[in-house]
Asker: 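Can you keep this structure in mind? I'll have questions shortly.
Please read all numbers here as calculations on a predicted model, not as lab measurements.
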Amino acid sequence: MHVRLSVYCAVLVTVGVPVASATEATKACGAEVEAAFEKQRKSKGWQEKVVSKTVAGVQTQTFTYVPPASMHRKIEAPGNQVLETIGIGKHAWFDEGNGWYEMQPQFGRMVTQHLRTVFVPEKKEAPEFICLGDVSYEGNTYKGYRTPPAKAGDTEGLVRTIYVDPKTGLLAFNLISKVGEESSPNVHQVYTYADNLKVEPPVGAPMATKN
């Protein structure tokens, strides 16, 4: 169980691809993307559904985020047990199909770090994005932004496309795809928003044992 859990926690990251140093033009577009992320962080809560193509098949992750520091995550993959995590502040719980229990500190810290990254990220220079203007996607019109192709490592040849709702200024989609295959992304992430989202501790979950 610990090996499986450590791998599960290790991939608890926001999807993305590396980007190069920004030019002034792409820096301005990147600032618009960062403004959408900042507005999201100030919302009352949001959900993310991330569908990824893997060698084992299609994997779906569903995140619910409620500021200032709460998250529920569910991961579903073909032939595998549904895995769930709840993180609230410095506490985290896990369920791999046999009921909820509190994570031991070394694993809980990974969840806490993820929450910090989502809600209070480090201030960095605006990433490089190219402004695509108004783009039609899945029946609606959005403000589109795209990174230049990544040039290193496992992400070489990948691009990240962000769509922002022009009416709300909030993120709508985050897509990772190969160059030339933008219409069939490897990762399809959709954002939805609601004022009444809740993330609560599981009832009756055993406390973590000390190492």
Asker: With a 4.5 Å limit on heavy-atom distance, are the side chains of Lys42 and Phe37 in contact?
Answerer: no
Asker: Linking Ile, Leu, Val, Met, Phe, Trp and Tyr by side-chain heavy atoms under 4.5 Å, what else ends up with Val51?
Answerer: Val58
Asker: Name all residues meeting the side chain to side chain contact (heavy atoms under 4.5 Å, CB included) criterion together with Glu156; count only those two or more places apart in sequence or in a different chain, and write none if there are none.
Answerer: none
Asker: Can you name the side-chain hydrogen bond (donor to acceptor under 3.5 Å, both in side chains) partners of Trp100, sequence neighbours left out?
Answerer: none
Asker: Does any pair with a residue in residues 167-186 pass ring pair (Phe, Tyr, Trp, His ring centres under 6.0 Å), and if so which ones, sequence neighbours excluded?
Answerer: Tyr137-Phe173, Tyr142-Phe173, Phe173-His188
Asker: Among side-chain atoms of Gln81 and Glu96, is any donor-acceptor pair under 3.5 angstrom?
Answerer: no
Asker: Sequence neighbours excluded, which residues qualify as side-chain hydrogen bond (donor to acceptor under 3.5 Å, both in side chains) partners of Glu32?
Answerer: Tyr145
Asker: Which residue pairs satisfy the salt bridge (Lys or Arg N to Asp or Glu O under 4.0 Å) criterion with at least one member in residues 106-124, sequence neighbours excluded?
Answerer: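 Not a single pair qualifies under salt bridge (Lys or Arg N to Asp or Glu O under 4.0 Å).
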Asker: For Ala69, what residues pass the side chain to side chain contact (heavy atoms under 4.5 Å, CB included) criterion, not counting sequence neighbours?
Answerer: none
Asker: Go through the structure and list residues passing side chain to side chain contact (heavy atoms under 4.5 Å, CB included) with Thr168, not counting sequence neighbours.
Answerer: Asp165, Leu170
Asker: Who are the side chain to side chain contact (heavy atoms under 4.5 Å, CB included) partners of Thr62, not counting sequence neighbours?
Answerer: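 For Thr62, the residues satisfying side chain to side chain contact (heavy atoms under 4.5 Å, CB included) (neighbours in sequence not counted) are Lys49, Thr60.
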Asker: Taking only residues two or more places apart in sequence, or in another chain, which ones meet Lys53 in a side-chain hydrogen bond (donor to acceptor under 3.5 Å, both in side chains)?
Answerer: Ser184
Asker: In chain order, what residues pass the side-chain hydrogen bond (donor to acceptor under 3.5 Å, both in side chains) check against Asn98, with sequence neighbours excluded?
Answerer: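 Here no residue qualifies.
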Asker: Among residues at least two apart in sequence or on other chains, which ones pass ring pair (Phe, Tyr, Trp, His ring centres under 6.0 Å) with His72?
Answerer: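 Result, ring pair (Phe, Tyr, Trp, His ring centres under 6.0 Å) vs His72: none returned.
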